[in-house]
Colleague: 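If you scroll down you'll find the structure; I have some questions about it.
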Amino acid sequence: TFSDWRGDHKPGSYLLNPEGFEHSPSSMEGCLLFVRLRQYPGARSQRAIQVGDLPWTDEGSTGMEKRVMYDEAAFGDKCYMIRGQPGQVTTRAGDAEIFVLSGKCKVSVEDKSEAKGGALSWFRIPRDAKSWTVEIVESAEFLLRTGLQTISQTDP
């Protein structure tokens, strides 16, 4: 369990803290925490979401399902949790970040590069990517962030 001034956040929590936000996080029993600093510049609202409470919706013609974690009209970036079964493929264009939570995925960018990764693998798709795919190798769930070109150029 992760804790901060808002209280305790159980496994599966998604926290969004606007740029410049300061806090003192802690965990009494320890926890695995994925932190992405400076990912949401600008005047955004602060959020604490229990992802497991969000509904799964159809991801489109891929057969995969998604949970919308962040999609604010004033900003171009979006964040989803996607789940799929072996053999399912999603093809997209533009930049993205993919963080595999469980299972195994194969990520290909414009037929130029390809990588496979299991749980806790992280992929970053270049800003100028004309097309890329994620193929589910073993039943998987992954975080997908798109529209990153709206993020500050100082982002690592």
Side-chain angles (χ1 to χ4, degrees), residues 2 9-19 21 25 30-42 44-156:
F2 173 79
H9 307 284
K10 63 184 180 178
S13 296
Y14 175 78
L15 308 175
L16 186 151
N17 293 315
E19 188 172 22
F21 177 80
C31 66
L32 177 63
L33 183 65
F34 179 69
V35 176
R36 182 69 172 83
L37 298 175
R38 297 189 315 262
Q39 66 176 327
Y40 294 110
R44 299 177 189 236
S45 56
Q46 187 173 22
R47 298 176 190 214
I49 299 167
Q50 182 55 40
V51 177
D53 293 341
L54 299 173
W56 286 106
T57 59
D58 184 29
E59 210 273 319
S61 62
T62 67
M64 296 183 196
E65 295 177 297
K66 70 179 177 184
R67 286 179 163 152
V68 179
M69 295 167 51
Y70 180 81
D71 184 354
E72 195 170 331
F75 301 95
D77 53 314
K78 299 173 181 1
C79 187
Y80 307 98
M81 179 183 284
I82 309 284
R83 74 175 174 190
Q85 301 303 314
Q88 293 178 322
V89 177
T90 183
T91 301
R92 298 170 185 255
D95 55 352
E97 290 179 339
I98 299 160
F99 183 69
V100 182
L101 299 167
S102 65
K104 191 171 188 178
C105 300
K106 179 174 79 173
V107 177
S108 304
V109 180
E110 298 175 0
D111 297 327
K112 295 179 186 174
S113 64
E114 178 179 296
K116 289 183 182 177
L120 307 182
S121 295
W122 181 70
F123 303 92
R124 190 167 198 173
I125 310 298
R127 294 175 191 254
D128 61 350
K130 291 181 177 49
S131 72
W132 53 270
T133 61
V134 175
E135 179 181 350
I136 305 299
V137 177
E138 296 173 5
S139 296
E141 290 186 0
F142 60 93
L143 297 180
L144 171 64
R145 289 188 60 232
T146 62
L148 305 176
Q149 69 274 7
T150 63
I151 306 286
S152 166
Q153 293 297 317
T154 61
D155 188 36

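Just so you know, residue 1 is the first one in the sequence shown, and it goes up from there.
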Colleague: Considering all heavy atoms of both residues, which atom of Asp71 and which atom of Lys78 are nearest to each other, and what is their separation?
Modeller: OD1-NZ, 3.2 Å

Colleague: ring-ring contact (aromatic ring centres under 6.0 Å, His included) with Tyr80: which residues, sequence neighbours excluded?
Modeller: none

Colleague: Once you round to the nearest 0.5 Å, how far does CG of Leu15 lie from CZ of Phe2?
Modeller: 6.0 Å

Colleague: Asp77 and Gly147: which non-hydrogen atoms are nearest, and at how many Å?
Modeller: CB-O, 3.5 Å

Colleague: Any side-chain heavy atom of Phe142 within less than 4.5 Å of one from Phe123?
Modeller: no

Colleague: To the closest 0.5 Å, what do you measure between OG (Ser139) and CD (Gln88)?
Modeller: 8.5 Å

Colleague: List the steps, then state whether side chain to side chain contact (heavy atoms under 4.5 Å, CB included) holds for Leu32 with Leu120.
Modeller: CA-CA 11 Å; Leu32 177 63; Leu120 307 182; 4.2 Å; yes

Colleague: Return the minimal non-hydrogen interatomic distance between Met64 and Asp58, and the atom names on each side.
Modeller: O-OD1, 3.7 Å

Colleague: Out of curiosity, Trp132 CH2 to Thr90 OG1, how far, rounded to the nearest 0.5 Å?
Modeller: 6.5 Å

Colleague: If you take all heavy atoms of Ser102 and Ala119, which pair is closest and at what distance?
Modeller: CA-CB, 4.1 Å

Colleague: Under the side chain to side chain contact (heavy atoms under 4.5 Å, CB included) rule, collect the residues that match up with Glu110, sequence neighbours excluded.
Modeller: Lys112, Ala129, Lys130, Ser131

Colleague: Supply the atom-to-atom distance Glu59 CD to Lys66 NZ, rounded to the nearest 0.5 angstrom.
Modeller: 6.0 Å

Colleague: Ignoring hydrogens and angles, tell me if any N or O in the side chain of Gln85 forms a donor-acceptor pair with the backbone of Glu138 under 3.5 Å.
Modeller: no

Colleague: May I ask you to decide if Arg145's main-chain N or O and Glu97's side chain share a donor-acceptor pair within less than 3.5 Å?
Modeller: no

Colleague: Working note: Tyr70 + Ile49, criterion side chain to side chain contact (heavy atoms under 4.5 Å, CB included); need CA distance, chi angles, decisive distance, verdict.
Modeller: CA-CA 10 Å; Tyr70 180 81; Ile49 299 167; over 6 Å; no

Colleague: Give, for atom NZ of Lys116 and atom SG of Cys105, the distance between the pair rounded to the nearest 0.5 Å.
Modeller: 11.0 Å

Colleague: Ile98 and side chain to side chain contact (heavy atoms under 4.5 Å, CB included): which partner among Thr146, Val134, Ile82?
Modeller: Val134

Colleague: As a test of understanding, state which of Ile125, Thr133, Val100 forms a side chain to side chain contact (heavy atoms under 4.5 Å, CB included) with Val107.
Modeller: Ile125

Colleague: Work out which heavy atom in Leu101 is nearest to a heavy atom in Met81; give both atom names and the distance.
Modeller: CD1-CE, 3.5 Å

Colleague: Just how far is it from atom CZ of Arg67 to atom CD of Glu141, taken to the nearest 0.5 Å?
Modeller: 7.0 Å

